[in-house]
Amino acid sequence: MRTDLQYTHDVARRTEHLYAKVANVIPEVEWPTHAVYVDAINQLKPQMGAVILAHNYMTPEIFNCVADFRGDSLQLAREAAKTKAGVIVQAGVHFMAETSKILCPGKIVLIPDPLAGCSLAASITGADVQLLREKYPGLPIVTYVNTSAEVKAESDVCCTSSNAVAVVETMAREYGTDRVIMIPDEFLANWVQGQTQLKIITWKGHCEVHERFTAQDIRDFRAANPGVVVLAHPECPPEVLAEADFTGSTSALIGYVGTKRPKRVVLVTECSMSDNVAIEYPEIDFIRPCNLCPHMKRITLPKILRSLETLTHRVEVDPAIGIRAKASIERMLAVGKPVRSYQ
Ligand code: 13P
Ligand code: SF4
């Protein structure tokens, strides 16, 4: 925390257009605390030649007030691959920053808190992938981006929740097989299984945030909020997805809200998503039960400012691993069609 930052008239004036964006989710009394950091970050960013990539789960003051690019994992990877900036600050979790570093090995990639992990990434190692390859020789290994560089390096291709079905089917065609290994998210793999004739072999990894939702939660949302439309992320258990009206990646859920404009909606995913989407659609009634991702919530404005000031914490990837991991990510980028950026 910086104790010298003051909420002066100049800071208030320079940030008032940003407060106007978030006023329906951030109380006015809290704004000065955020505004001093928002202002300092936005002044320092161009001086450092930096861009901030923010995931849809970032809190509204980060997502709406300092981010240059916003989106789901796939959109952020695409932005990282094409940015001209020399410094990338990843407002997201570690695997996302690692993905940026793998795609841009010559750039400085910063994560404001190196402890921002992910239970899916922690569920599998490179050695586990080698064992799977021995057990199922010749089958393609499709790996969710929520994994370490080492795991990506041992895989044939990556996927995100935006493009998982397309990637799995493309790999099956290319390998001439009807069986595909999809790791490490068991629930995402089950969801893909429901949309393809292929046989999907999976792993027992779970997202600690989405696995906590239950089918009873969905029935309770419906009972308490008549007419509510239920949208769920595919990292949720199958019985939750069976109760939902629509399942998709974070950006697919945002896209559904934007095109269908339900009167009342619940996003069965991480908490900050509803705040960020509610800003865009103030006329929609967002029911807000949600689960917090403790890793995403490690990223705060003070840590982003410190990251820019000190150019820490730098994300490094062993170049030998990076080259192989990059091949898996680039193969995915060649398969998935671009999705609309949420900006
Ligand atoms: P998306 O790719 O849908 O943004 O999901 C990333 C994530 O970590 C969800 O928990
Ligand atoms: Fe990982 Fe789940 Fe957090 Fe996404 S929400 S970063 S999958 S722990």
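Each ligand, and each atom within it, is numbered from 1 in the order the structure gives.
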Review point. Side chain or backbone of Glu270 under 4.0 Å from ligand 2, or both, or neither, by non-hydrogen atoms?
Key: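 None of Glu270 does.
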Practice item. Run through Val268, Thr247, Leu241, Asp185 and flag the one making a side-chain contact (heavy atoms from CB on, under 4.5 Å) with Glu235. Key: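 Only one option passes, and that is Asp185.
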Closest protein heavy atom to [atom], given as residue, atom name and distance to 0.1 Å:
atom	answer
atom 3 (Fe) of ligand 2	Cys293 SG, 2.4 Å
atom 5 (O) of ligand 1	His233 NE2, 3.4 Å
atom 6 (C) of ligand 1	Ser73 OG, 3.3 Å

Hey, does [X] sit under 4.0 Å from ligand 1 if you only count heavy atoms?
X	answer
His55	yes
Ser161	yes
His210	yes

**Study point:** Cys207 near atom 3 (Fe) of ligand 2 via N/O/S, less than 2.8 Å
**Key:**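 Within the cut-off used here (under 2.8 Å), Cys207 places no N, O or S atom near atom 3 (Fe) of ligand 2.
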Testing the 3.5 Å rule here: is there a donor-acceptor pair between the side chains of [X] and [Y]?
X	Y	answer
Thr196	Glu169	yes
Ser162	Ser249	yes
Asp275	Ser272	no
Thr310	Thr312	yes
Thr160	Ser73	no

Per-atom contacts of ligand 2 with [X], taking only distances under 4.0 Å to non-hydrogen atoms:
X	answer
Glu235	2 (Fe), 7 (S)
Asn146	7 (S)
Leu120	7 (S)
Tyr57	5 (S)

Exercise for review: Answer with yes or no whether the hydrophobic clustering places Trp191 together with Met182; edges join I, L, V, M, F, W, Y residues whose side-chain heavy atoms lie under 4.5 Å apart.
Suggested key: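 Yes, Trp191 connects to Met182 through the hydrophobic network.
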Review point. Minimum heavy-atom separation for Phe95 to Val145, with atom names?
Key: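 In this case the closest contact between Phe95 and Val145 is CD1-O, 3.0 Å.
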**Study point:** Contact atoms of ligand 1, heavy-atom distance to Ser249 under 4.0 Å
**Key:**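 The list of qualifying atoms is 3 (O).
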Practice item. Assess the pair His206 and Phe187: is the distance between their ring centroids shorter than 6.0 Å? Key: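 Between Phe187 and His206, which both carry aromatic rings, the centre distance is below 6.0 Å.
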Exercise for review: Could you tell me which residues satisfy ring pair (Phe, Tyr, Trp, His ring centres under 6.0 Å) with Tyr57, sequence neighbours excluded, listed by chain and number?
Suggested key: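 Expected list: His55.
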Point to revise | Which segment of Asn146 sits under 4.0 Å of ligand 1 when only heavy atoms are counted | key: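 It is the side chain that touches ligand 1; the backbone stays farther off.
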Point to revise | Which segment of Glu235 sits under 4.0 Å of ligand 1 when only heavy atoms are counted | key: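 Side chain only.
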Practice item. Only heavy atoms count here, so choose which of Gly92, Cys118, Ser119, Gly117 is nearest to atom 1 (Fe) of ligand 2. Key: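 Checking each option, the heavy atom nearest atom 1 (Fe) of ligand 2 is found in Cys118.
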Exercise for review: Go through Cys271 and Cys290 one step at a time and tell me if the disulfide bond (SG atoms under 2.5 Å apart) criterion holds.
Suggested key: CA-CA 5 Å; Cys271 299; Cys290 58; 2.1 Å; yes
Exercise for review: Give yes if a backbone or side-chain nitrogen or oxygen of Asn56 is under 3.5 Å from a nitrogen or oxygen of ligand 1, and no if not.
Suggested key: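 Not met; the criterion fails.
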